[in-house]
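Only one structure is covered here, and it is reproduced in the block below.
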Amino acid sequence: MEKDFFFPPMLLVQSSAGSQSEFKTLVIFALFPVLIAFSFLIFVFYRSRREAVFREKETELQLQKTEVALKALKAQINPHFIFNCLNSIHHYMYHHPVQEAGNYLLKFSQQIRYVLESSEVKMVPLADEIEANKNYLELEQLRVNQAFRFSFDVDPTLDPESIHIPPMLIQPFLENAVWHGVAGGGEIEINISQWDEWHLLCQIQDSGNGGHFENDFDLKTKVKKTSLGMSLMKERFAMLNQVNGKNAGFSLEERTDGIPGKIVKLRIPFED
């Protein structure tokens, strides 16, 4: 005779509850590594994001410091330029009628206005910079009685009105060519073309013999003057590269075509 086995209802309930508890425990243990990994990913993302924001602020602060230093550097260039122009006026007034000296002073005032206005901006139209440099060279021509000639040649594929460059990068090299190259006679040729996608090439070539134009009325014999030299321009180009992330710079070398004189090649950053 077969016997029927009887399981009490309470035992079945306990067995079912025990299975559910074990299942929940297994699920928790299975999800635990996932939660840890997910938390770790969130931590890594948050930390990298925080570091990126910090680096961005640090870079922005460094650029601000560099721009302030660059502005201060430009402020050093301006007195140097103004002194030399005043020296030219001083020469001119001793050798020309008052009316001609007045015209010279008017041209000088236009130049000073451009220098001071451009010192407040980062970029100026190439056309304005060329015009200001022509004006400067005309001032120097008057000072040395038209002893030298100059010419500007701009690549026709360039639009000087739409291209913008940092101000007062070309003038110090023209000044150097005049005072140490063609003041006693010669010619300055300025050629501007595109170097690459980010730079213009400005080539300044003089055919001077290194003569100077000085006399007893030279202000340098009356006023103490600190020479800035090319080191100041090297510093300015280095700061421009920090701000713009470009490869601006210059090189100075002797001519190799048998004509006495020097060639300066400027890589100038530009914006359209």
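Between Ile188 and Val178, the shortest heavy-atom distance links the atoms CD1-CG2, 3.7 Å. Nearest approach of His199 to Ala248, heavy atoms of both residues: NE2-N, 3.4 Å. Heavy atoms only, all atoms of each residue included: Leu266 and Phe173 are closest at CD2-CE1, 3.5 Å. Across all non-hydrogen atoms, the minimal contact from Ser162 to His164 is O-ND1, 3.1 Å. The minimum heavy-atom distance between Gln203 and Ile263, with the atom names listed, is CG-CG2, 3.8 Å. Scanning all heavy atoms of the two residues, the minimum distance from Pro167 to Ser118 falls at CG-O, 3.3 Å.
Two residues are said to be in side-chain contact when any heavy atoms from C-beta on lie closer than 4.5 Å; Arg267 and Phe237 fail this criterion. Residues Glu175 and Tyr136 form a side-chain contact, since some pair of their non-hydrogen atoms from C-beta on lies under 4.5 Å apart. Proximity of Pro166 to Arg236: side-chain heavy atoms (C-beta onward) are separated by under 4.5 Å at one or more points. Taking the side chain as every heavy atom from C-beta outward, Glu161 and Leu126 never approach each other to under 4.5 Å.
Between Phe148 and Phe150, the two ring planes are tilted [angle within 30° to 60°].
With Lys262 as reference, Asp206 is the one residue of Asp206, Ile204, Asn176 to meet the side chain to side chain contact (heavy atoms under 4.5 Å, CB included) rule.
The structure places CD1 of Ile192 at 4.5 Å from CD1 of Ile170, a figure rounded to the nearest 0.5 Å. Note: Glu187 CD to Glu189 CD = 4.5 Å, rounded to the nearest 0.5 Å. Separating the CD atom in Glu197 from the CG atom in Asp272 is a distance of 9.5 Å, to the nearest 0.5 Å. Of the inter-residue distances, the one linking Ile163 atom CD1 with Glu271 atom CD reads 11.5 Å to the nearest 0.5 angstrom. Atom CD in Glu140 sits 11.5 Å away from atom CD in Gln146 (nearest 0.5 Å). Distance SG/Cys202 to CG/Leu174: 7.0 Å, rounded to 0.5 Å.
The main-chain N or O of Met168 is found under 3.5 Å from a side-chain atom of Glu129 such that the two form a donor-acceptor pair.
Transitive grouping of hydrophobic side chains (ILVMFWY, heavy atoms separated by less than 4.5 Å) brings Leu252 and Ile268 into a common cluster. Taken together through direct or relayed side-chain contacts under 4.5 Å among Ile, Leu, Val, Met, Phe, Trp and Tyr, Val264 and Leu201 form parts of separate hydrophobic clusters. Val154 and Trp195 fall into different hydrophobic clusters, where Ile, Leu, Val, Met, Phe, Trp and Tyr are joined by side-chain heavy atoms under 4.5 Å apart, directly or via other members. Residue Ile190 is grouped with residue Ile130 when hydrophobic side chains (ILVMFWY) are merged at heavy-atom distances under 4.5 angstrom, including chains of intermediate members. Criterion: ILVMFWY side-chain heavy atoms under 4.5 Å apart, direct or through other members. Under it, Met123 and Leu158 are not part of a common hydrophobic cluster.
Glu131 and Tyr114 share no donor-acceptor pair across their side chains, judged by distance under 3.5 Å alone. Checking Asn135 against Gln111 by side-chain atom types alone, a donor-acceptor pair falls below 3.5 Å.
By the 4.0 Å N-to-carboxylate-O rule, Lys134 lies too far from Glu138 to be salt-bridged with it.
When the shell of 6.0 Å around CZ of Arg255 is examined, it contains more than 12 heavy atoms from other residues, nucleotides or ligands. Within 6.0 Å of the NZ atom in Lys265, the count of heavy atoms belonging to other residues, nucleotides or ligands does not exceed 12.
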